[in-house]
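All chains are named by letter (A, B, ...) in the order of the sequence lines, taking the proteins before the strands, and each is independently numbered beginning at 1. Heavy-atom basis, side chains included; hydrogens, waters and symmetry copies ignored.
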There are 2 protein chains.
Amino acid sequence: MGITRNKQSAIASTPATDARAGRGDLDAVLGFHLRLAHGAVYRHFAETFSELELTQKQVSVLWLVSDWPGLSQTTLSHQLQMDRATTTEIVNRLAARGLLRRATMAGDRRKLALHLLPAGTRVLARARKAVRTHETWLKDRFSSAEVEMLIALLERIHG
Amino acid sequence: MGITRNKQSAIASTPATDARAGRGDLDAVLGFHLRLAHGAVYRHFAETFSELELTQKQVSVLWLVSDWPGLSQTTLSHQLQMDRATTTEIVNRLAARGLLRRATMAGDRRKLALHLLPAGTRVLARARKAVRTHETWLKDRFSSAEVEMLIALLERIHG
DNA sequence: TATTGTTATACTCTATAACTATA
DNA sequence: TATAGTTATAGAGTATAACAATA
């Protein structure tokens, strides 16, 4: 995502000649479409969040910590399907910006409980609005039934 | 992807307690599911391609160059929706491994035509088999109608 | 002037391995 | 022994900006 400049995407639109050619076999590969769709959403997210300077993953972390204050990094790892090292790094970044804090848990002093700091709560409120904008852009091409269908299908991939 | 070790994913399976809790609001965010699904597919792809040491993107490039020998880097950029700099880097990596070569086009000497080298053709043949394995893992959870539906929906995202 | 491609730079994500500390 | 988290390291992807060559 690369803390996200407020610019037009550098990816030029596909000329008609290219589009007509198609991509042959590759168009039958589900994983290929998933990757392209993810990339398109990733780029739009980056544009939408250029002012807030937050990535998809960072927003997800703030969001979850807000909804379950005190959750451990390990639980967070599971929810967002990333390993411990990645989680540490992302939490580091948010903590360095004063958006959340770590506190050792009373019951099990190996674990770190995560809580939003006031700045994190404020940023998250703005992020939720930006997510709505972004999601509107994304969902506007579908009926609500199609959105439900798509989410259900994607859930069967990520479990 | 990180040239991909032949190991179990470091992402532990979610304990039942976490799963039961769910993710609240976040579960209504389409982009969130897209990101998780992409991540899951990305990881399985990495496992499947650990021996071949190829990423999704690298396979896509070999695949397209094979299907349209002589295509330019710019056309490749459009097909895979990435900018010129990223394209240069990925082509560099494949060229360094002797899988493809660049040649200036006769008609327009600004452009570079891409062609597979024999090693590239051999690697791609093995990659196509691995893609079949990977796609079977991915598609086995869906009916063929659902696969078609999912591809159609994803296409409306990436255009 | 516009397009094609390269290079330098930089940041995020991802992951492994080795480590500390706690249980 | 097993779990929680950190640190060091590394590679891939993404993107911007400045640049050279060609059109």
Side-chain angles (χ1 to χ4, degrees), chain A residues 1-12 15 35 38-40 42-43 45-47 49-50 53-61 71-78 80-95 102-114, chain B residues 1-12 15 35 38-40 42-43 45-47 49-50 53-61 71-78 80-95 102-114:
Chain A
M1 185 127 358
I3 292 311
T4 302
R5 311 79 186 169
N6 206 353
K7 298 255 316 196
Q8 284 287 42
S9 172
I11 296 174
R35 194 168 61 65
H38 173 260
Y42 173 98
R43 281 189 294 275
F45 190 101
E47 267 183 55
F49 279 79
S50 59
E53 304 207 333
L54 289 170
T55 65
Q56 291 177 315
K57 196 128 254 180
Q58 290 167 354
V59 172
S60 301
V61 169
L71 93 173
S72 72
Q73 285 194 196
T74 297
T75 301
L76 184 63
S77 300
H78 294 158
L80 299 181
Q81 301 188 9
M82 50 194 187
D83 65 42
R84 288 174 296 155
T86 303
T87 304
T88 294
E89 192 173 313
I90 290 171
V91 170
N92 277 346
R93 235 171 259 147
L94 294 171
R102 286 181 251 234
T104 58
M105 280 192 190
D108 185 341
R109 291 163 43 73
R110 292 172 302 183
K111 293 189 184 176
L112 293 179
L114 302 175
Chain B
M1 182 132 352
I3 292 310
T4 306
R5 310 77 186 172
N6 206 352
K7 299 256 315 199
Q8 283 288 44
S9 171
I11 296 173
R35 195 169 59 67
H38 173 260
Y42 174 98
R43 283 188 292 277
F45 189 101
E47 268 182 54
F49 280 79
S50 59
E53 304 208 333
L54 289 171
T55 65
Q56 291 178 314
K57 194 130 257 180
Q58 289 166 354
V59 171
S60 301
V61 169
L71 93 174
S72 73
Q73 284 194 196
T74 296
T75 301
L76 185 61
S77 301
H78 295 156
L80 299 182
Q81 301 188 7
M82 50 193 187
D83 65 42
R84 286 174 296 156
T86 303
T87 304
T88 294
E89 193 173 312
I90 290 171
V91 169
N92 276 346
R93 234 170 258 147
L94 294 170
R102 286 181 252 235
T104 59
M105 279 191 191
D108 185 340
R109 288 164 44 73
R110 293 173 301 182
K111 294 188 184 176
L112 293 179
L114 302 175

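The side chain of B/Arg109 lies closest to D/dT22 when the candidates are D/dT22, C/dA23, D/dG13. With C/dC13, D/dG5, D/dT14 as the choices, the nucleotide that has an atom nearest any side-chain atom of A/Thr86 turns out to be C/dC13. Closest to the A/Ile90 side chain, of the nucleotides C/dC13, D/dA4, D/dT7, is C/dC13.
Applying the 4.0 Å criterion to OP1 and OP2 of D/dG13, one finds that B/Thr55 has a side-chain N or O inside that range. A close approach under 4.0 Å does not occur between any side-chain nitrogen or oxygen of B/Arg84 and OP1 or OP2 of C/dT6.
Heavy-atom distances to DNA chain C give each of A/Arg93 and A/Ala106 a nearest nucleotide, and the one nearer the 5′ end belongs to A/Arg93.
A/Lys57 places its NZ atom 8 Å from the C1' atom of C/dT14, with the value rounded to the nearest Å. Atom CZ in B/Arg110 sits roughly 9 Å away from atom C1' in D/dA21 (whole-Å rounding).
No contact: A/Arg35 has no heavy atom under 4.0 Å from any strand. Among the atoms of the strands shown, only primed sugar atoms or phosphate atoms (P, OP1, OP2) are found under 4.0 Å from some heavy atom of B/Ser72.
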Just do the salt bridge (Lys or Arg N to Asp or Glu O under 4.0 Å) check on B/Glu47 and B/Arg43 with the steps written out, would you? CA-CA 6 Å; B/Glu47 268 182 54; B/Arg43 283 188 292 277; over 6 Å; no
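Taking CG of B/Leu112 as the reference point, atom OG1 of B/Thr88 lies at 8.5 Å (rounded to 0.5 Å).
Recorded end-axis angle for the helix from C/dT1-D/dA23 to C/dA23-D/dT1 stands at 0°, based on five pairs per end and rounded to 10 degrees.
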